[in-house]
**Student:** 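Handing you this structure, nothing more for now.
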Amino acid sequence: SSVVAIFDSRFLSDIVQDYKGDLNTVFLFDNKGYVVAHPVDDQIGLAYSQHPVVKAVISGRENGSGQFEMAMGETIIANFNPVQGTNLYM
């Protein structure tokens, strides 16, 4: 069975904005790697499948934290967890 919810599209973006700090970016993505909420609206809907955290989820990790190397060689520290009852991750 499926559940469908209809809500204001800014709802999820408002949530990630609440978690944003000076040195971090919080975003929600689905299990296929598509961004569903991001503090920068232009990023919503993009495929982040090459982002190291998203790649970890796509490869089967449910949650985790640690250091991840970005494509340009920058190292980030990240934490990710599933949003219970959905196919989303934060």
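Below, each value reflects all heavy atoms present in this structure, side chains not excepted, and no hydrogens, waters or symmetry copies.
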**Student:** Show me the donor-acceptor pairs within less than 3.5 Å that the side chains of residues 43-54 make with the rest of the protein, sequence neighbours left out.
**Tutor:**
from : atom 1 : to  : atom 2 : distance (Å)
Q43  : OE1    : Y48 : OH     : 2.6
Y48  : OH     : H38 : NE2    : 3.4
H51  : ND1    : V53 : N      : 3.2

**Student:** Please collect all side chain to side chain donor-acceptor pair (under 3.5 Å) contacts where either partner lies in residues 58-85, sequence neighbours excluded, each pair once.
**Tutor:**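 Listed by first then second residue: E62-Y89.
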
**Student:** What pairs with N31 under side-chain hydrogen bond (donor to acceptor under 3.5 Å, both in side chains), at least two apart in sequence or on another chain?
**Tutor:**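 Partners of N31 by the side-chain hydrogen bond (donor to acceptor under 3.5 Å, both in side chains) criterion, ordered by chain and then number, come out as N87.
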
**Student:** State plainly whether one hydrophobic cluster holds both V83 and V26, where clusters connect Ile, Leu, Val, Met, Phe, Trp and Tyr through side-chain heavy atoms under 4.5 angstrom apart.
**Tutor:**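 Yes, V83 connects to V26 through the hydrophobic network.
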
**Student:** Looking only at heavy atoms, what is the nearest atom pair of I58 and K32, with distance?
**Tutor:**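 Closest approach of I58 to K32: CD1-O, 3.7 Å.
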
**Student:** For a side chain to side chain contact (heavy atoms under 4.5 Å, CB included) check, start with the C-alpha distance between F29 and V57, then their side-chain angles and the critical distance, and finish with the verdict.
**Tutor:** CA-CA 10 Å; F29 59 96; V57 169; 3.8 Å; yes

**Student:** Check this for me: F80, atom CZ, are more than 12 non-hydrogen atoms of other residues, nucleotides or ligands nearer than 6.0 Å?
**Tutor:**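 Check passes, neighbour count above 12.
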
**Student:** Determine whether V35 and F68 fall in the same hydrophobic cluster, where Ile, Leu, Val, Met, Phe, Trp and Tyr are linked whenever their side-chain heavy atoms lie under 4.5 Å apart.
**Tutor:**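 Yes, because V35 and F68 connect within a single hydrophobic cluster, where side-chain heavy atoms sit under 4.5 Å apart.
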
